Amino acid sequence: MASLCTCILAAIALSLPTVDSLACSYSFPDYHNPQTCARYDLTELSLRGPYNITPPYPYRFLVKVCDLAATDLPWACEGKDLAPAYAYSVETDECYQLGNLENDFAYPLDPMNSSVGIRVAYTNGVGGNGVWPRAVIYDLYCDTSGFNPPPEFAYEYPEYTYRITWRTGYACPSFQTGQNCSLPKFESSWDYLRFRTVPKWFEKAKFGIFVCLGLYSVPAYLNEWYWEKLMTGDPRYVEFHNKNYGCSGVQPDKFPCTGPPFTFQDFAPMLKMELFDPDHWASVIKNAGAKYIVFTTKHCSGWTNFPSPQHWNWNSMDVGPHLDITGNLTASIRKQGLYLGLYHSLNEWYHPLYLEDQKNNCSTTSFVDEIIMPTLKDMTIKYKPDIIWADAPGENKSPCTHDSVKYWKAPEFFSWLYNESPVKETVLTNTRWGSNAVGSFMEGGDRFTPYTLIKNKWETPYTIQKSSWGYDRVEDLSSFWNTTHCLYILVTTVSCNGNLLLNIGPMADGTIDPLFEEILGEMGQWLTVNGEAIYNSIPWSHQNDTPAEDIWYTASEDWQNVYAISFRAPTPGGKLVLQQPRLTKQTTMTLLGADGITLDFTVDSDGGIHVHFPTNLPFAKLAGKGAWTIKMTNVT
């Protein structure tokens, strides 16, 4: 690693100006070696770590960092001003200029610690061929030791927009004036908001718990869409409701009912939460090994689990338990040292203003202006969340409500969030804010399991109860995923650069089903033994052994350790074959939880590594739960 850095420093010829958009100045180094360019193949660099994003198939780009005196240019790049860098498409033989960019701005890499370094973004420049990289981002680190990390490239392709990033060196703040570095003002445009740095804790945490609670928890029947299914005439819901609670009034000709009326709103007094113990909830989540929680403040019914002026008489303080459920849980979560995320559905199925906006084809935005924006700001100011997790931005019957900009005005909210809110330096956001939204991490669909590397940081929400996010008392034991399956989703997700947000649904009395607690507790036991392969890890060059997809890999941040997590139980005197690692003379192997016992290994004629397990394995200490971890040092 050190020799590579030396080569890179010699190759970079870069001189950046002091950036004035911060409250203090930064010192930038100059590198001069005019005859040499550092040349990188983005396809090869994709093997180097989680921040390297390769171009979409089949395009392969070569990137060089050099100065104007460089002579080893592709023919297509001759005569072009290429300082400080260029991108060259091998397939199309086109050269894209990365210099002469405008509208530069900068901010600390770590909003919590401005001395770490600075990110400089040059945007909206003028390039050639009609298609070119919109922005160049320099991540410059303050490194007083003299050691500079190697460049890290990234490539992004939304809406014909290229982005190539790399680390080039270091920049240290000048503190002689006594000033601290401040964040810039983020404009209400996705083009600017996409460049905001993200607090590092989320990349390291890997595991969070999603908690879904609402009025749907009272009937606890099938899933959290109870009201919508009822109102749209799903026979399962209407017949269950009319039989057990009273006449819903839904399609009376089709579903005749002679009892007293009972609407979904009548469930509100029945959400009593009389056994709610927020400290116990927080303890269960902590003992699961999770590092953060995302709690449902509001689902699509519009009911809020906190006192909301915009939802008068339709929240947990005014009706039902008469509790600020969110506030009580927030205090307990923070006592446990966990990060707090707040889920908030954007749409509300039957809110009159939302229905009126849809009727007007979104030419009006009354629901957003009068309900959503004030509620989000009130929630942010009161609870100071670490994550704001939006969902359900639109209705299929009204396509206009999918627009993140014109209807939901998400960039405007993000601009307030990052510029003025009390969590402007620390808060993260997901991407479920409507079409083309940009967040701190990518949110796939529900139960998203790609089983392949995604270079942008992502998260998958996943349920323990197979078909419901809210508690479903209809399901039996076979409808719950077991601990081994939940661990498999965690391991495969982390291996592919994601976080797992594992869902539980509490009951209307405020308790958590013991089966949820058992599964979470067993996951915590496994993470106590195997956590170093999960927390703080990064994806390795290979995610799994292709011939055997029940072996998955992660790596330590410095790549000194590689972890092979196997879903095949080790047997005394048995062996496990690994196809992807390559040995060095310094390679060692141990089994996590096995008291440091060193494992022997041999190599077959095809290069497969045969890991041999001794007969004295301490199985009682391994906390297998279906997954075991081999720690390998000095492998490639």
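Bear in mind that the values here come from a model prediction, so they are computed numbers and not experimental data. For reference, positions follow the sequence shown, starting with 1.
Between Asn305 and Ser316, the side chains place no donor N or O within less than 3.5 Å of an acceptor N or O (distance only, hydrogens not considered). Using a 3.5 Å distance cut-off with no hydrogens or angles, the side chains of His610 and Lys575 do pair a donor with an acceptor. A side-chain N or O of Tyr418 and one of Thr429 form a donor-acceptor pair less than 3.5 Å apart. Side-chain polar atoms of Thr588 and Thr633 form a donor-acceptor pair below 3.5 angstrom. Counting only N and O atoms by type, the side chains of Asn544 and Tyr553 include no donor and acceptor under 3.5 Å apart. In summary, the side chains of Thr460 and Arg447 do not present any donor paired with an acceptor at a separation below 3.5 Å, with no hydrogens or angles considered. Using a 3.5 Å distance cut-off with no hydrogens or angles, the side chains of Thr484 and Asn482 do not pair a donor with an acceptor. A donor and an acceptor atom, one from each side chain of Tyr383 and Asp324, are located under 3.5 Å apart. Side-chain contact annotation: Lys457 with Asn499, donor-acceptor N/O pair under 3.5 Å present. Side-chain contact, Asn530 with Thr629: a donor N or O sits under 3.5 Å from an acceptor N or O.
A distance-only check finds a donor-acceptor pair linking the side chain of Asp386 to the backbone of Leu340 [under 3.5 Å]. With hydrogens and angles ignored, the 3.5 Å screen pairs a side-chain donor or acceptor of Tyr535 with a backbone N or O of Gly289. The main-chain N or O of Ser468 is never found under 3.5 Å from a side-chain atom of Asn223 such that the two would form a donor-acceptor pair. Checking side-chain atoms of Thr492 against main-chain N and O of Ile489 turns up a donor-acceptor pair under 3.5 Å. The backbone N or O of Trp628 sits nowhere less than 3.5 Å from a side-chain atom of Arg568 that would complete a donor-acceptor pair. Side chain of Asp545 to backbone of Gln579: a donor-acceptor contact under 3.5 angstrom is found. No side-chain donor-acceptor contact under 3.5 Å links Ser495 to the backbone of Trp552. Side-chain N or O atoms of Thr587 include one that pairs as donor or acceptor with a backbone N or O of Asn634 at under 3.5 Å. With hydrogens and angles disregarded, a donor-acceptor distance shorter than 3.5 Å links the side chain of Asp277 to the backbone of Asp279. Remark: side-chain polar atoms of Asn430 are paired, donor with acceptor, to backbone N or O of Ala390 under 3.5 angstrom.
A heavy-atom distance below 4.5 Å is not found between the side chains of Lys382 and Phe306. Inter-residue side-chain proximity for Leu342 and Val294 is flagged as unmet; no heavy-atom pair is nearer than 4.5 Å. Residues Val211 and Ile293 have side chains in contact (heavy-atom distance under 4.5 Å, counting atoms from C-beta outward). Contact of the Ile325 side chain with the Phe295 side chain is registered, since non-hydrogen atoms from C-beta on lie closer than 4.5 Å. Counting heavy atoms from C-beta on, the side chains of Phe516 and Gln465 come closer than 4.5 Å. Asn616 is not listed as a side-chain neighbour of Pro572, based on a closest heavy-atom distance of 4.5 Å or more. Side-chain contact between Leu617 and Pro570 is present, with heavy atoms from C-beta onward closer than 4.5 Å. Looking at Leu501 and Glu443, their side chains never come closer than 4.5 Å, going by heavy atoms from C-beta outward.
Asp391 CG to Ser345 OG: the interatomic distance, rounded to the nearest 0.5 Å, is 6.0 Å. In this structure, Met442 CE and Asn497 CG are separated by 9.5 Å, a value rounded to the nearest 0.5 Å. Within the model, atoms CD1 of Ile538 and CD of Glu203 stand 10.5 Å from one another, a figure rounded to the nearest 0.5 Å. Residue Met273 holds its CE atom at 8.5 Å from OG1 of Thr511, rounded to the nearest 0.5 Å.
Summarising the geometry of Cys496 relative to Thr452, their closest heavy-atom pair is CB-O, 3.3 Å, with the distance given to 0.1 Å. The nearest pair of heavy atoms linking Cys486 to Ile464 is SG-CG1, 4.2 Å. The two residues Tyr563 and Ser556 come nearest to each other via the heavy atoms CE1-N, 3.9 Å. Residues Tyr471 and Gly505 come closest through the heavy atom pair CB-O, 3.1 Å. Nearest approach of Ala564 to Met632, heavy atoms of both residues: CB-CE, 3.9 Å. The minimum heavy-atom distance between Ala533 and Thr554, with the atom names listed, is O-OG1, 2.7 Å.
Checked against a 6.0 Å centroid threshold, the rings of Trp458 and Phe448 count as neighbours. In this structure, the ring of Tyr462 has its center less than 6.0 angstrom from the ring center of His485. Tyr292 has its ring centre less than 6.0 Å from the ring centre of Trp201. In summary, the aromatic rings of Trp389 and Phe210 are positioned with their centroids under 6.0 Å apart.
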Could you list the donor-acceptor pairs under 3.5 angstrom formed by side chains in residues 517-525, with sequence neighbours left out?
{"residue": "Glu517", "atom": "OE1", "partner": "His280", "partner atom": "NE2", "Å": "3.4"}
{"residue": "Glu517", "atom": "OE2", "partner": "His280", "partner atom": "NE2", "Å": "2.9"}
{"residue": "Glu522", "atom": "OE1", "partner": "Thr483", "partner atom": "OG1", "Å": "2.4"}

**Request:** Run the numbers on His299 and Tyr216 for ring pair (Phe, Tyr, Trp, His ring centres under 6.0 Å), then give the verdict.
**Result:** CA-CA 9 Å; His299 193 247; Tyr216 48 78; 5.6 Å; yes

**Prompt:** What's the verdict on side chain to side chain contact (heavy atoms under 4.5 Å, CB included) for Arg582 and Val635, showing C-alpha distance, side-chain angles and the deciding distance?
**Reply:** CA-CA 6 Å; Arg582 294 295 176 262; Val635 297; over 6 Å; no

**Request:** List the steps and the verdict of side chain to side chain contact (heavy atoms under 4.5 Å, CB included) for Ile609 and Leu583.
**Result:** CA-CA 8 Å; Ile609 300 173; Leu583 303 178; 3.4 Å; yes

**Request:** Please step through side chain to side chain contact (heavy atoms under 4.5 Å, CB included) for the pair Glu532 and Leu592, ending with a clear verdict.
**Result:** CA-CA 9 Å; Glu532 73 170 90; Leu592 294 186; 3.7 Å; yes

**Message:** If you apply the rule side chain to side chain contact (heavy atoms under 4.5 Å, CB included), what do you find for Leu599 with His612, and how did you get there?
**Reply:** CA-CA 6 Å; Leu599 303 177; His612 302 277; over 6 Å; no

**Residues Trp281, Phe276; criterion ring pair (Phe, Tyr, Trp, His ring centres under 6.0 Å); working and verdict** = CA-CA 8 Å; Trp281 284 25; Phe276 175 49; 4.8 Å; yes

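Other residues, nucleotides and ligands contribute at most 12 non-hydrogen atoms within 6.0 Å of the NZ atom of Lys272.
Using bins of under 30°, 30° to 60° and over 60° for the plane-to-plane angle, the ring pair Tyr451/Tyr488 lands in the tilted bin. Relative ring orientation between Phe441 and Phe202 is described as parallel, the plane-to-plane angle staying below 30° on a 0-90° scale split at 30° and 60°.
Applying the side chain to side chain donor-acceptor pair (under 3.5 Å) test to pairs two or more places apart or on separate chains, those with a residue in residues 204-215 are Lys204-Glu557. The salt bridge (Lys or Arg N to Asp or Glu O under 4.0 Å) contacts involving residues 214-226 comprise nothing, where partners must be two or more places apart or lie in separate chains.
Contact check on Lys466 versus Glu475 returns no salt bridge, with no Lys/Arg side-chain nitrogen under 4.0 Å from an Asp/Glu carboxylate oxygen. Arg432 has a carboxylate O that lies under 4.0 Å from a charged side-chain N of Asp446, or vice versa, which qualifies the two as a salt bridge.
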